[in-house]
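First comes the structure, then the notes that go with it.
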Amino acid sequence: MTDVGGGNFRVFDPATERDFEDQAQPARPAALRDRLRQIDAEKQPPRPKVETPHSKPEPPSETSEKPDTPAPGENAALPIGVVLEVAGAGSQIAIDIQRLTDCADDPDPSIAMTGQVGSQIKIRVGDSWLLASVRDQRQDRRAEGSIVANIDFLGEGKEEKLTGKLHGFRRGVTRYPVPGAMIYPATTQDLRQVYASDGRSSVQIGTVYPTKDIRAGLYIDALLGKHFALLGSTGTGKSTSAALILHRICQAAPDGHIVMIDPHGEYSAAFREAGNIFDVSNLQMPYWIMNFEEHCEVFLNSEGHERQIDADILAKCLLAARQKSRLASQLSKITVDSPIPYLLSDLGAALQDAMGKLDKATNSAPYMRIRNKLDEIKNDPRYQFMFSGMLVADTMKDFICKLFRMPGGGKPISIIDVSSVPSDVTATVVAVLSRLVFDFAIWGREEKTRPILLVCEEAHRYVPNEKNADGSSVGKILSRIAKEGRKYGISLGLVTQRPSDLAEGVLSQCGTIISMRLNNERDQAFVKAAMPEGARGFLDSIPALRNRECIVCGEGVAIPIRVSFDTLEESKRPASDDPSFVELWNQAGGEEDQVERIVARWRASS
């Protein structure tokens with residue numbers, strides 16, 4: 001193909017077009033290393049040459065022109081690269097590979113990691129230091145010995161005049177660098193200033209990677225005030241990490257109010273000393289505390305048009321049963337949602353009376369469906385924790401006090417073990433407990449009640465996305481808490497292994513995300529979409545995290561950090577350890593007695 005538009009023309013050759021385009025691009029400073037060496041020479045005073053009468057001139061060698069390898073203490077003061085482009089949230093930089101090699105042997109672990117994906121670097125801007133995180137790397141094809149990296153700005157701090165160290169770090173950027181600005185390694189001392197507490201109450205959960213002694217803390221008010229989520233695939237140490245964070249919060253606030261929904265019975269062992277454990281044996285949740293929607297989930301099995309008919313019947317009969325209570329006579333108005341005690345026998349009698357009326361709008365089948373379900377629940381011992389005849393008394397105040405730890409008596413957390421709750425009412429029980437937290441906060445606004453933290457393990461089961469949603473009340477109330485809870489002093493903690501299965505928008509309501517390793521690409525993409533741009537470099541390393549490591553981003557930390565969790569004491573760990581097949585399969589004896597005990601417990605609870 002030829003260009004004959006003018007007197008001169010050129011022949012288009014695809015094989016040489018790449019070279020032509022490279023020539024059209026502004027030339028990368030091929031002398032990047034030379035420029036860095038020049039700055040090095042300007043910073044370092046010339047070394048005096050010591051001569052003796054017997055000294056002989058050194059013969060020239062091939063390596064005499066190569067620069068001396070910087071001493072370990074000098075790496076921090078020498079630049080490693082230069083800024084190429086600047087944008088609002090980040091920048092593109094060029095880094096000298098030789099300087100990275102020099103820094104790799106530095107005893108300071110932060111300097112040794114400099115330039116790698118997820119590491120921190122700093123840029124001098126006037127009399128300040130701008131801190132940034134390396135997001136990615138690629139080879140610079142236009143300059144030998146150089147790599148190109150994209151960085152995300154994290155924040156800025158002042159530069160000490162005498163030492164050049166960073167201090168007074170603040171999140172955000174007020175002054176941007178210009179292309180050509182020099183890049184320097186961030187030292188452990190710099191990071192210590194960045195991660196140092198600014199005076200706000202915090203809890204320490206581990207050490208900042210890659211340092212060995214910088215403690216990683218979470219700001220309690222910021223963490224709880226805007227919700228948080230703990231994410232991680234199975235086997236990454238998620239349950240132990242959740243227990244660690246809650247133990248630290250309990251130690252910092254022994255008179256706090258924490259309610260945790262435990263669907264697998266893992267956390268009872270971890271908080272036996274620090275909290276109260278509730279299960280079907282001692283929960284004693286009164287059935288009449290349910291609202292009308294929750295009653296429908298328990299008593300109605302029909303679908304479609306029949307369900308609407310059944311709901312209308314249940315509403316009339318439930319209101320009639322509540323109106324028979326002595327407490328109802330003291331109130332000017334009650335509704336089907338009013339938490340007023342009533343007798344199950346009164347509800348059955350109301351159904352029987354309505355079914356016997358000649359002017360009823362339908363046949364007797366809907367009444368019989370509801371009545372049969374009511375009798376089934378009353379006679380089934382599995383539901384006695386909730387539908388016992390002993391729970392008819394007005395125990396609402398006592399139930400709320402023991403559930404919300406008011407007073408806590410030095411045990412600020414309630415573990416609600418729902419693993420033994422019948423599966424058909426588990427979601428309803430969680431909905432009731434969650435709604436109690438929300439309603440208590442709303443009706444207590446004038447009292448300025450103390451904030452409550454609600455932690456929901458396996459959150460994707462109760463707040464599913466639209467694809468898996470079944471319209472249950474628990475999904476509605478938890479979504480509402482996520483959106484409105486902080487206005488009423490409710491903090492929500494979501495713990496899940498499948499963040500992509502959470503309801504849309506719930507994760508984005510969490511101001512702090514603590515992400516452990518996620519193996520599923522869909523989950524990784526979901527988490528990245530919920531986080532700010534400045535955390536992208538950290539979030540890209542989520543698949544490469546080791547067990548008991550996490551990335552923390554959001555309001556609970558000064559800047560995104562990678563954390564190695566502390567080791568939790570054996571007595572404070574949840575019962576979630578994986579069994580050792582080799583060890584257990586090499587043990588013999590006592591199997592029959594063990595099976596007999598298991599069968600006895602099985603029958604007693606079924």
Side-chain angles (χ1 to χ4, degrees), residues 257-269 271-272 274-295 297-299 318 321-322 325-328 337-348 373-409 411-440 443 452 454-457 462 473-474 477 601 604-606:
H257 311 285
I258 305 172
V259 178
M260 183 175 197
I261 308 297
D262 179 12
H264 301 303
E266 297 176 295
Y267 294 90
S268 300
F271 291 95
R272 204 166 296 280
N276 276 16
I277 313 300
F278 298 100
D279 55 21
V280 293
S281 66
N282 63 349
L283 181 59
Q284 296 183 326
M285 186 176 77
Y287 58 86
W288 48 262
I289 213 166
M290 295 189 296
N291 62 18
F292 175 65
E293 183 178 10
E294 293 152 0
H295 272 85
E297 291 180 353
V298 173
F299 290 119
L318 178 59
R322 290 194 192 276
S325 171
R326 288 183 299 174
L327 184 60
D337 290 327
S338 299
I340 295 176
Y342 71 89
L343 295 174
L344 290 175
S345 58
D346 287 342
L347 177 59
K373 184 64 177 178
L374 176 61
D375 292 339
E376 174 188 334
I377 289 177
K378 287 170 59 179
N379 297 325
D380 193 332
R382 296 179 302 161
Y383 298 91
Q384 290 302 298
F385 74 96
M386 186 175 178
F387 289 95
S388 170
M390 303 296 293
L391 299 176
V392 69
D394 184 10
T395 58
M396 186 171 181
K397 186 192 78 171
D398 296 336
F399 182 72
I400 288 177
C401 285
K402 77 172 184 178
L403 189 69
F404 298 165
R405 313 303 304 139
M406 294 181 176
K411 295 185 174 183
I413 186 169
S414 291
I415 303 296
I416 314 297
D417 179 2
V418 296
S419 60
S420 299
V421 173
S423 58
D424 57 332
V425 296
T426 300
T428 305
V429 170
V430 176
V432 173
L433 298 173
S434 304
R435 183 182 53 79
L436 283 178
V437 173
F438 188 74
D439 287 350
F440 180 78
W443 292 106
I452 299 174
L454 175 64
V455 183
C456 189
E457 174 68 271
Y462 305 116
S473 57
V474 64
I477 187 60
R601 288 195 298 269
S605 61
S606 299

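Values below: every heavy atom of this structure, side chains too, minus hydrogens, waters and symmetry copies. This chain uses plain numbering: 1 for the first residue, then up along the sequence.
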Side-chain touch [X]/[Y], heavy atoms, less than 4.5 angstrom:
| X | Y | answer |
| --- | --- | --- |
| Met406 | Ile452 | yes |
| Met386 | Val421 | no |
| Gln284 | Phe399 | no |

**Message:** Would Ile413 and Tyr267 count as a side-chain contact (heavy atoms from CB on, under 4.5 Å) here? Give the steps.
**Reply:** CA-CA 11 Å; Ile413 186 169; Tyr267 294 90; over 6 Å; no
Nearest atoms (heavy-atom pairs only) where [X] meets [Y]:
| X | Y | value |
| --- | --- | --- |
| Ile289 | Met396 | CD1-CG, 4.0 Å |
| Pro412 | Ala274 | CD-O, 3.4 Å |
| Val280 | Phe385 | O-CB, 3.3 Å |
| Asn282 | Ile277 | ND2-O, 3.0 Å |
| Asp262 | Glu266 | OD2-N, 2.9 Å |
| Leu283 | Lys402 | O-NZ, 2.8 Å |

Quick one: [atom1] on [X] to [atom2] on [Y], what's the gap to the nearest 0.5 Å?
| X | Y | atom1 | atom2 | answer |
| --- | --- | --- | --- | --- |
| His257 | Ser414 | NE2 | OG | 10.5 Å |
| Ile477 | Leu436 | CD1 | CG | 9.5 Å |
| Arg322 | Trp288 | CZ | CH2 | 9.0 Å |
| Glu293 | Arg435 | CD | CZ | 9.5 Å |
| Asn276 | Ile416 | CG | CD1 | 9.0 Å |
| Phe299 | Leu347 | CZ | CG | 6.0 Å |

For [X], what residues pass the side chain to side chain donor-acceptor pair (under 3.5 Å) criterion, not counting sequence neighbours?
| X | result |
| --- | --- |
| Asp398 | none |
| Ser325 | none |
| Ser281 | Asp279 |
| Asp417 | Ser419 |

Has the side chain of [X] got a donor or acceptor atom that lies under 3.5 Å from a matching backbone atom of [Y]?
| X | Y | answer |
| --- | --- | --- |
| Tyr287 | Tyr342 | yes |
| Asp380 | Glu376 | no |
| Lys378 | Tyr383 | no |

**Asked** Can you list the residues that meet the ring-ring contact (aromatic ring centres under 6.0 Å, His included) rule with Phe271, with sequence neighbours excluded?
**Response** His247
**Request:** Report the C-alpha distance between Leu403 and Met285 in whole Å, list the side-chain angles of each, state the deciding distance to 0.1 Å, and finish with yes or no for side-chain contact (heavy atoms from CB on, under 4.5 Å).
**Result:** CA-CA 10 Å; Leu403 189 69; Met285 186 176 77; over 6 Å; no
**Fill in**
Partner of Val392 under side-chain contact (heavy atoms from CB on, under 4.5 Å), picked from Leu343, Leu344, Asp346, is Leu343
**Message:** Tell me which pairs pass side chain to side chain donor-acceptor pair (under 3.5 Å) where either residue lies in residues 425-434, with sequence neighbours left out.
**Reply:** Glu297-Thr428
